[in-house]
**Student:** 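The following block contains the structure, expressed as structure tokens.
Sequential numbering from 1 along the given sequence is applied to the chain's residues.
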Amino acid sequence: MKVNNVELVISAAKPHQYPDLGLPEFALAGRSNVGKSSFINRMIGRKSMARISSKPGKTQTLNFYKIEDTLFFVDVPGYGYAKVAKTEREAWGRMIETYMTDRPQLSACIHIVDLRHAPSADDVAMYEFLKHYEIPAIVIATKADKIPKGKWQKHLKVVKETLDFDPLDDIIVFSSETGLGKDEVWKAVKKRMYEDKVYKAEIDMDEE
């Protein structure tokens, strides 16, 4: 997918601030230092649309990026950064949970983990949360450029085993530096958009 038009519509903290355009949304979740902003910038072909901070834990809102008037990427606060006050982390957690469990436009969560290491306890908790609420996941194993290609499958196996990965979800080896996996991510996004449309259409037909 070639992205020509993208805009940050709003940085929202409460549900009444969320955009009301009815477009499918894809939440981006991951540790504070895993590279969510770099992922967004690579996917939309921009260098600095999503700001890359030297201070993990800086994102404190839900940032809604509208792409081609077709869908939203929703960057949520990163988790697992110890220097953020506990009360603040809890507030972010409630905000994320409210969005992900109550937002009908949410098509899937793009869950970003670091391919180089086994997923952290926070990564596992995030994935278990998605499974508990039956939220489809697209797992992005990023920073593939940091390890030899011959070791990708070995590391991917560790990621899958640690997360107890559901084969119904997608998992993609990715690099924000080289663009590896970009096309595969867009394919997974389009697949979820299509499945979501079919599902919602069936519900509408049943209710008639």
**Student:** Does a side-chain heavy-atom distance below 4.5 Å link Lys191 with Asp170?
**Tutor:** yes

**Student:** Could you tell me whether the side chain of Met193 reaches within less than 4.5 Å of the side chain of Thr70, counting heavy atoms only?
**Tutor:** yes

**Student:** Which distance, rounded to the nearest 0.5 Å, do you find between the OG of Ser11 and the CD of Gln17?
**Tutor:** 9.5 Å

**Student:** Quick check: closest heavy atoms across Cys109 and Ala29, and the distance to 0.1 Å?
**Tutor:**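 So the minimum-distance heavy-atom pair works out to SG-CB, 3.8 Å.
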
**Student:** Which heavy atom of Leu163 sits nearest to which heavy atom of Asp123, and what is that distance?
**Tutor:** CD2-O, 4.0 Å

**Student:** Between Pro77 and Leu62, is any pair of side-chain heavy atoms under 4.5 Å apart?
**Tutor:** yes

**Student:** Taking Tyr127 for its side chain and Asp166 for its backbone only, find out whether a donor-acceptor pair lies under 3.5 Å.
**Tutor:** yes

**Student:** Can you check whether Val113's main-chain N or O pairs, donor with acceptor, with Arg31's side chain at less than 3.5 Å?
**Tutor:**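 No.
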
**Student:** Considering non-hydrogen atoms only, spot the tightest contact between Phe26 and Ser107 and give its length.
**Tutor:**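 Heavy-atom minimum between the residues: CZ-CB, 3.7 Å.
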
**Student:** Please determine if Lys131 and Asp169 form a salt bridge, counting it only when a charged side-chain N lies under 4.0 Å from a carboxylate O.
**Tutor:**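 Looking at Lys131 and Asp169, the cut-off is met.
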
**Student:** Side chains of Ser38 and Asn41: do they bring a donor and an acceptor to under 3.5 Å?
**Tutor:**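 No pair is found: no donor N or O on one side chain lies under 3.5 Å from an acceptor on the other.
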
**Student:** Taking all non-hydrogen atoms of both residues into account, name the closest pair between Leu28 and Lys36 and its distance.
**Tutor:** O-CD, 3.6 Å

**Student:** Atom OG1 in Thr142, atom CD in Glu177: separation rounded to 0.5 Å?
**Tutor:**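 If I round to the nearest 0.5 Å, the distance is 9.0 Å.
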
**Student:** Specify the closest pair of heavy atoms between Val6 and Val3, including all atoms of both residues, with the distance to one decimal.
**Tutor:**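 So the two residues come closest at CB-CG1, 4.2 Å.
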
**Student:** For the hydrophobic clusters of this structure (ILVMFWY residues joined by side-chain heavy atoms under 4.5 Å, transitively), does one cluster hold both Val158 and Ile171?
**Tutor:** no

**Student:** For residues Met100 and Phe129, determine if any side-chain heavy atom of one lies less than 4.5 Å from a side-chain heavy atom of the other.
**Tutor:** yes

**Student:** Supply the atom-to-atom distance Leu156 CG to Lys151 NZ, rounded to the nearest 0.5 angstrom.
**Tutor:** 15.5 Å

**Student:** If I take atom CG from residue Asp145 and atom CZ from residue Phe174, how far apart are they, to the nearest 0.5 angstrom?
**Tutor:** 10.0 Å

**Student:** For residues Asp69 and Leu23, report the shortest heavy-atom separation together with the two atoms involved.
**Tutor:**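 So the two residues come closest at O-CD2, 3.8 Å.
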
**Student:** Could you measure the distance from the CD1 atom of Ile138 to the CD atom of Glu184? Nearest 0.5 Å is fine.
**Tutor:** 12.0 Å

**Student:** Could you grab the distance from atom CD1 of Ile147 to atom CG of Leu115, nearest 0.5 Å is fine?
**Tutor:** 4.0 Å

**Student:** Quick one: list whatever passes ring-ring contact (aromatic ring centres under 6.0 Å, His included) with Trp186, sequence neighbours left out.
**Tutor:**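 Checked Trp186 against ring-ring contact (aromatic ring centres under 6.0 Å, His included); matches are Phe73.
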
**Student:** Do the non-hydrogen side-chain atoms of Val185 and Phe39 ever get within less than 4.5 Å of each other?
**Tutor:**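 They are in side-chain contact.
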
**Student:** Decide, yes or no, whether a salt bridge links Glu195 with Arg192 under the criterion of side-chain N to carboxylate O below 4.0 Å.
**Tutor:**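 Judged by the 4.0 Å cut-off on N to carboxylate O distance, Glu195 and Arg192 do form a salt bridge.
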
**Student:** Quick one: does any side-chain atom of Glu68 pair with a main-chain N or O of Asn4 as donor and acceptor, under 3.5 Å?
**Tutor:** yes

**Student:** What verdict does the side chain to side chain donor-acceptor pair (under 3.5 Å) test give for Glu25 and Tyr99, after you've listed the backbone C-alpha separation in whole Å, the side-chain angles of each residue and the deciding distance to 0.1 Å?
**Tutor:** CA-CA 11 Å; Glu25 297 173 1; Tyr99 168 73; 2.8 Å; yes

**Student:** Counting only heavy atoms from other residues, nucleotides and ligands, does the tally under 6.0 Å from CG of Asp20 exceed 12?
**Tutor:** no

**Student:** Could you please spell out the steps behind the side-chain contact (heavy atoms from CB on, under 4.5 Å) verdict for Leu21 and Phe72?
**Tutor:** CA-CA 10 Å; Leu21 299 178; Phe72 280 99; 3.8 Å; yes

